> 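Starting off with a structure, shown below.
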Number of protein chains: 2
Amino acid sequence: MAAPQMPPPDYAASAPEVGTPAFSPLYQQIKGLILQSLQAGEWKPGEAIPSEMELAARFRVSQGTVRKAIDELAAENLVVRRQGKGTFVSTHAEQHVRYRFLKLMPDAGDREEEGPATRSILDCKRVRASAEIARALQLRTGDAVIQVRRVLAFGGVPTILEDFWLPGANFKGLSADQLATHVGPTYVLFEHEFGVRMVRAEEKIRAVAADAPQAALLALPQGAPLLSVERLSYTYNDVPMELRRGLYRTDTHHYRNDLS
Amino acid sequence: MAAPQMPPPDYAASAPEVGTPAFSPLYQQIKGLILQSLQAGEWKPGEAIPSEMELAARFRVSQGTVRKAIDELAAENLVVRRQGKGTFVSTHAEQHVRYRFLKLMPDAGDREEEGPATRSILDCKRVRASAEIARALQLRTGDAVIQVRRVLAFGGVPTILEDFWLPGANFKGLSADQLATHVGPTYVLFEHEFGVRMVRAEEKIRAVAADAPQAALLALPQGAPLLSVERLSYTYNDVPMELRRGLYRTDTHHYRNDLS
DNA sequence: GAGTGGTCTAGACCACGCG
DNA sequence: GCGTGGTCTAGACCACTCA
């Protein structure tokens with residue numbers, strides 16, 4: 001910075017408008033700026049972001065302030081710090097966070113032993129959003145969405161039947177072939193091919209009985225109890241980007257959740 | 001501290017033993033010391049812990065180091081910071097974290113509108129731990145445990161049927177009457193009457209079909225799909241203190257989970 | 001050895017809660 | 001007005017990675 005012993009910059013920058021306290025610490029503002037660059041794709045998933053010193057210089061704040069901003073981004077799993085190497089835009093492709101959003105675990109052993117799922121794409125088509133789908137994805141009824149139905153099998157056993165819907169505007173050209181042949185989690189495909197990174201999700205879980213078609217696809221008797229998992233996934237800025245409705249077999253697997 | 005410009009204390013204090021890197025930052029050590037005091041009950045749930053300055057003086061470190069230790073404890077929900085007031089030992093009694101471990105939400109409205117659950121204690125007895133229960137609670141088969149069965153109703157509708165097991169040694173004298181008449185969450189009763197604070201839990205969730213007795217207790221037809229939630233709750237130090245097996249109706253409620 | 005994130009300190013000032 | 005936690009800075013040194 002120019003002069004030493006400078007008074008702290010006016011970090012309560014936002015004008016104190018009526019009705020809004022509108023005080024925002026400097027590090028929150030820096031966090032917002034970094035977030036903007038992430039959204040804008042200035043740094044792609046897996047790439048390093050500038051070092052703390054560089055960012056401090058760019059934003060004219062101390063390293064400690066940048067550090068606190070990055071700390072929060074790391075806590076939200078938007079970036080990953082690696083000592084001695086740098087800070088990286090996080091991605092669903094990393095080994096230890098692969099299948100971050102899939103909480104279904106085999107009762108015995110772990111997912112490594114079990115190996116990756118076998119995907120069968122049953123359907124992949126462009127349709128018009130129903131009122132319900134449109135509401136969830138913050139679109140208008142009748143807007144184009146891509147609808148996919150698939151079955152995931154673990155160790156040869158069909159275990160998950162799911163449908164998902166994606167905004168047509170963001171996933172132009174997504175094909176059944178792509179979905180069937182890409183390697184790794186589907187969310188990695190979304191990152192690489194469509195530049196859409198899911199950063200968080202909300203799930204609503206219920207127990208339901210399999211109807212005839214569902215039972216057939218999962219090789220179960222009709223009426224078998226299934227876990228219904230409705231997931232709404234968001235990109236940056238709380239923009240919903242995928243609605244997914246899954247039915248999970250839970251006779252050999254369970255949904256695992258850690259509370260704290 | 002005594003002398004200014006002192007070199008930093010040997011914060012890699014732990015002896016570098018063979019095979020273990022055993023480097024632990026100062027703030028982690030401080031965190032451990034605070035944790036010990038929490039476990040020992042030096043400060044009770046709801047009480048304030050000493051101020052950051054006091055702790056810094058006690059441990060002969062800077063306020064910043066204490067701050068970082070407390071930051072982590074706060075992130076783990078063991079303490080709650082309140083600006084201008086102090087840092088408090090967290091408790092299940094606080095309004096905004098009540099029912100922290102109960103993720104079942106009404107489909108419409110929130111839990112405030114719905115009001116508190118009505119508890120019916122069906123059973124509360126001292127029994128000997130089965131092999132399975134003993135393993136989960138890290139006891140020996142045949143050790144005394146308290147077994148409770150109860151039904152929770154929301155708005156008059158029986159919604160949760162659950163059994164839970166507690167180590168007999170830690171819950172001496174727990175009675176059906178206590179369980180029926182106490183106010184607020186049962187985990188608050190555990191804190192106040194038995195000094196046991198649950199700090200985290202792991203849940204395994206499945207879909208199951210109600211058998212005849214279960215169906216009767218929940219006023220449902222036999223075979224109705226139910227969410228099976230097995231929860232293992234831990235106190236400080238990763239000591240398991242409760243095994244709970246719940247069956248949740250999910251026709252008017254859902255299990256809500258946020259992923260990030 | 002250079003560069004990155006990680007730790008630690010000391011001191012200043014701000015926002016909040018309460019008497 | 002005082003004490004609390006919250007923010008910000010500047011500078012030093014440590015641990016890790018890689019060339």
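The structure presented is a predicted model; accordingly, all values stated were derived computationally and were not measured.
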> Whole Å only: how far is the CD atom of B/Q63 from the P atom of D/dG6?
10 Å
> Between C1' on D/dG6 and CG on A/D71, what's the gap in Å once rounded to a whole number?
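Atom-to-atom, A/D71 to D/dG6, this comes out as 15 Å.
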> Would you kindly give the CD-to-P distance between B/E52 and C/dG11, to the nearest whole Å?
17 Å
> Does any donor atom in the side chain of B/S62 or B/R67 lie under 3.5 Å from an acceptor atom in the other side chain?
no
> Nearest whole Å is fine: how far is C/dG3 P from A/L55 CG?
17 Å
> Side-chain N or O of B/T87 less than 4.0 angstrom from OP1 or OP2 on D/dG5?
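So the side chain of B/T87 is within the cut-off, an N or O lying under 4.0 Å from OP1 or OP2 of D/dG5.
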> Hey, which sits more toward the 5' end of DNA chain D by its nearest nucleotide, A/K85 or A/T65?
A/T65
> Could you state the OH-C1' distance from B/Y27 to D/dA15, rounded to the nearest angstrom?
13 Å
> Which whole-number value in Å describes the distance from B/Q28 CD to D/dC14 C1'?
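These atoms are roughly 16 Å apart.
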> Side-chain contact, heavy-atom cut-off 4.5 Å: B/L55 with B/I49?
yes
> Can we say A/R150 and A/E162 salt-bridge, meaning some charged N sits less than 4.0 Å from an Asp/Glu carboxylate O?
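Yes, this pair counts.
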> Rounded to whole angstrom units, what separation is found between the CD atom of A/E54 and the C1' atom of C/dT4?
11 Å
> Taking only residues two or more places apart in sequence, or in another chain, which ones meet B/F171 in a ring pair (Phe, Tyr, Trp, His ring centres under 6.0 Å)?
B/F190, B/F194
> Could you check which of D/dG5, C/dT9, C/dG5 has an atom nearest any side-chain atom of B/S62?
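Nearest nucleotide to the side chain: C/dT9.
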> Roughly, in whole Å, what's the span from CD in B/E72 to P in C/dG6?
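The distance from CD of B/E72 to P of C/dG6 comes to 12 Å, rounded to the nearest Å.
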> Can you tell me which residue pairs pass the ring pair (Phe, Tyr, Trp, His ring centres under 6.0 Å) test with a partner in residues 81-104 of chain A, sequence neighbours excluded?
A/H92-A/F101, A/H92-A/Y187, A/F101-A/Y187
> From the options C/dG5, D/dT9, C/dC8, select the nucleotide whose nearest atom is closest to the side chain of A/R81.
C/dG5
> Can you tell me which nucleotide in C/dG5, C/dA15, D/dT7 comes closest to the side chain of B/Q83?
C/dA15
> Are B/R67 and D/dG5 close enough that a side-chain N or O sits under 4.0 Å from OP1 or OP2?
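No, no such contact exists.
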> Looking for any heavy atom pair under 4.0 Å, which part of the strands does A/R82 touch: base, sugar-phosphate only, or nothing?
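Sugar-phosphate, backbone atoms only, no base.
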